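A quick write-up on the structure given underneath.
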Amino acid sequence: MDAPPGGPGSPGPAAPPGPSAPGVLPRRVHAGYALGSLATGAFGTVPGLLLLPYLTDTLGVAAGAAALLVLLPKAWDVLVNPVAGRISDRTRSPWGARRPYLLGAGLALGVLFAAIFAAPFGSGPAAGAYVAVAFLATATAFAFFQVPYVAMPAELTGDYAERTRLMSWRIAVLALAILVSGAVAPLVRDAGGGGVAGHRWMGLFVAGLIVLGALGAFLGTRSAPAVPVGHSEPTLRAQLAVAARNRPFRALLVCFVVQSAGVATVLAGVNYFADQILRDPEGGPTVLFACFVGPALLVMPLWTRVGARVGKLAALVAASLIFAVGALALVAAPVLPPLGIYPLVALIGVGYAGQQVFALAMLPDCIAYDTARTGRRQAGVFTGLWTAGETFGLALGPGIFGLVLQLGGYVSSDTGTAAAQSDTARLGILLGFTVLPALLVGLAVVLLRSYDLTPARLAAAEAGAASRPTGGVVAVGAAESHEKGTTTP
């Protein structure tokens with residue numbers, strides 16, 4: 001977007017001029033920014049939860065084909081997200097570099113989401129193709145909302161602890177968004193009569209949540225401090241090179257992508273698990289979601305204190321292992337009473353809450369470290385790659401789960417009600433909902449061995465940047481030598 005003169009990424013009229021103060025942000029900014037998670041949470045949850053069963057049990061699409069229809073449009077975002085980051089880095093507007101996309105892309109996201117479930121072609125192959133095209137367009141709009149949104153924390157505050165508090169607000173709203181969209185959306189679908197008609201009503205309901213979140217984030221951050229956005233890399237190859245030189249970011253990104261795939265297999269399997277394992281297709285998904293997300297709202301302050309005591313990295317590892325232990329124990333669900341199943345789901349939710357809050361709190365630290373190390377502010381580059389990876393992981397989960405269904409011989413239906421399934425298909429559902437996500441989330445922590453960005457190291461890099469008179473070739477060279485394990489005089 002073009003803008004009047006005034007410097008790159010200049011803030012809106014209500015924002016104070018100059019760079020962001022490194023101190024505490026007003027609570028209205030915390031709350032306003034966090035409201036954007038209504039949009040990201042709804043889009044990140046509902047397609048992963050309901051789109052695969054919508055295709056297999058309402059539109060009659062075979063499980064293997066449905067897996068591809070869910071995977072490919074969101075995998076497209078792997079290419080689109082870095083482009084969105086680069087474009088937002090270069091945007092000049094009276095509202096700053098990021099906020100225009102919160103409004104424009106957010107509103108488009110809501111409209112296109114409702115279109116996914118409009119079903120103008122009924123059931124069958126044409127209906128499946130329509131869903132793929134609509135989902136592709138929606139995923140593109142989401143990229144242009146999410147990338148600028150995730151880039152904002154590194155530009156709102158320079159304080160290490162404040163970024164954790166900002167993320168705690170965001171993850172609390174994200175958990176609420178997941179709870180409302182994931183638990184209520186199936187109820188709206190059923191209240192609307194189920195089948196195609198019920199999914200249309202559900203699509204409108206979730207679209208309303210998305211629009212509310214987009215408007216809330218846009219208006220809530222209008223008085224937030226901002227910093228000028230510097231140069232960004234012109235090509236995807238150059239962006240990948242930037243990320244490759246940031247070792248902490250590289251390790252965190254790969255871990256988060258794998259863990260996102262694990263979380264997404266849980267989301268994709270909720271309806272199938274409730275139907276085929278719990279034998280409760282109506283109330284089961286809502287109860288499972290309440291048990292999964294409800295604890296996240298309660299333990300968020302506790303996770304913040306844990307992170308302050310042991311550090312973000314150690315807390316992330318602990319949360320991931322809690323998730324994995326709960327998911328592995330859930331494999332005994334066929335022989336457990338409901339009172340034994342739901343606490344295990346709640347344990348998974350506790351781990352999920354910590355895994356999300358610390359991964360997202362560590363991302364702005366990696367961006368701040370790169371800025372101090374290189375003297376270039378490129379939040380859009382890093383968040384573009386981050387959200388591309390996250391989106392790919394969230395798409396990969398349903399794709400993997402759909403493949404498990406296909407291998408297990410899952411029988412599709414176009415009646416709006418799941419067909420009777422074999423014992424092999426039910427075993428695949430059980431393992432895909434428990435063992436598979438446990439392995440993905442738990443084992444991914446090994447990838448964090450090379451993450452070495454401590455508060456002291458980040459503070460030293462920022463102090464060096466502050467004392468650098470003209471761009472600091474020596475300081476940048478020293479930082480790069482540190483990355484390679486060498487020393488610089």
Side-chain angles (χ1 to χ4, degrees), residues 35 37-59 70 109-111 113-119 123 131 135 138 172-213 263-264 266-298 333 338-339 341-343 345-346 348-349 352-353 394 398 401 413-419 429 433:
L35 281 174
S37 287
L38 285 176
T40 60
F43 183 74
T45 300
V46 176
L49 174 68
L50 296 180
L51 190 55
L52 188 63
Y54 172 63
L55 290 166
T56 59
D57 297 339
T58 297
L59 301 185
V70 172
L109 176 62
V111 173
F113 186 91
I116 294 175
F117 296 95
S123 61
V131 169
F135 194 28
T138 309
V173 175
L174 179 64
L176 180 63
I178 293 173
L179 178 62
V180 172
S181 61
V184 178
L187 298 179
V188 173
R189 176 199 60 195
D190 295 341
V196 170
H199 281 91
R200 286 172 178 160
W201 282 110
M202 181 275 299
L204 291 173
F205 165 71
V206 177
L209 288 179
I210 291 173
V211 170
L212 178 63
V263 171
V266 174
L267 293 176
V270 163
N271 277 270
Y272 298 99
F273 184 81
D275 189 358
Q276 301 296 326
I277 307 301
L278 299 183
R279 301 295 189 182
D280 186 8
E282 295 185 359
T286 298
V287 176
L288 285 174
F289 245 89
C291 291
F292 178 65
V293 182
L297 297 172
L298 300 176
L339 290 179
I341 293 173
Y342 294 126
V345 177
I348 297 172
Y352 167 74
L394 293 175
F401 196 89
S413 167
D414 61 0
T415 65
T417 303
I429 291 170
F433 189 75

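Each residue takes its place number in the sequence, starting with 1. The shown structure was predicted, so the numbers you read here are calculated from the model rather than taken from an experiment.
N271 approaches P53 most closely through the heavy-atom pair CB-CG, 4.2 Å. Taking each heavy atom of I210 and G110 in turn, the nearest pair found is CG2-N, 3.7 Å. Closest approach of L35 and V173 over heavy atoms only: CA-CG1, 4.2 Å. Here the closest non-hydrogen pair linking A177 and A42 is CB-N, 4.4 Å. Among all heavy-atom pairs drawn from P398 and L52, the shortest one is O-CD2, 3.9 Å. Scanning both residues, A333 and I277, for their nearest heavy atoms gives CB-CG2, 4.2 Å.
With rounding to the nearest 0.5 angstrom, the OG1 atom of T45 is 7.0 Å from the CG atom of L174. Rounding to the nearest 0.5 Å gives a distance of 8.5 Å between CG of L288 and CG of D280. Going from atom CG of L209 over to atom CZ of F113 covers 9.5 Å, rounded to the nearest 0.5 Å. Rounding to the nearest 0.5 angstrom, the gap separating the CG atom in L187 from the OG1 atom in T286 is 3.5 Å. Rounding to the nearest 0.5 angstrom, the gap separating the CG atom in D190 from the CE atom in M202 is 10.5 Å. Taking CG from L267 and CD1 from I178, the interatomic distance works out to 7.0 Å, rounded to the nearest 0.5 Å.
Contact check for P186 versus L50: side-chain heavy atoms found under the 4.5 Å cut-off. Contact annotation: the side chain of L51 approaches that of F117 to within less than 4.5 Å [non-hydrogen atoms, C-beta and beyond].
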Derivation of the side-chain contact (heavy atoms from CB on, under 4.5 Å) call for F205 and V180: CA-CA 10 Å; F205 165 71; V180 172; 4.1 Å; yes

Any chance you could lay out the side-chain contact (heavy atoms from CB on, under 4.5 Å) test for V131 and Y54, step after step, and finish with the verdict? CA-CA 10 Å; V131 169; Y54 172 63; 4.0 Å; yes

W201 vs R189, test: side-chain contact (heavy atoms from CB on, under 4.5 Å). Steps then yes/no. CA-CA 6 Å; W201 282 110; R189 176 199 60 195; over 6 Å; no

Full working for side-chain contact (heavy atoms from CB on, under 4.5 Å) between I341 and L278: CA-CA 9 Å; I341 293 173; L278 299 183; 3.4 Å; yes

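With ring centers used as reference points, Y272 lies 6.0 Å or more from F433.
Put simply, the side chain of R200 gets close to the backbone of A119: a donor and an acceptor are under 3.5 Å apart.
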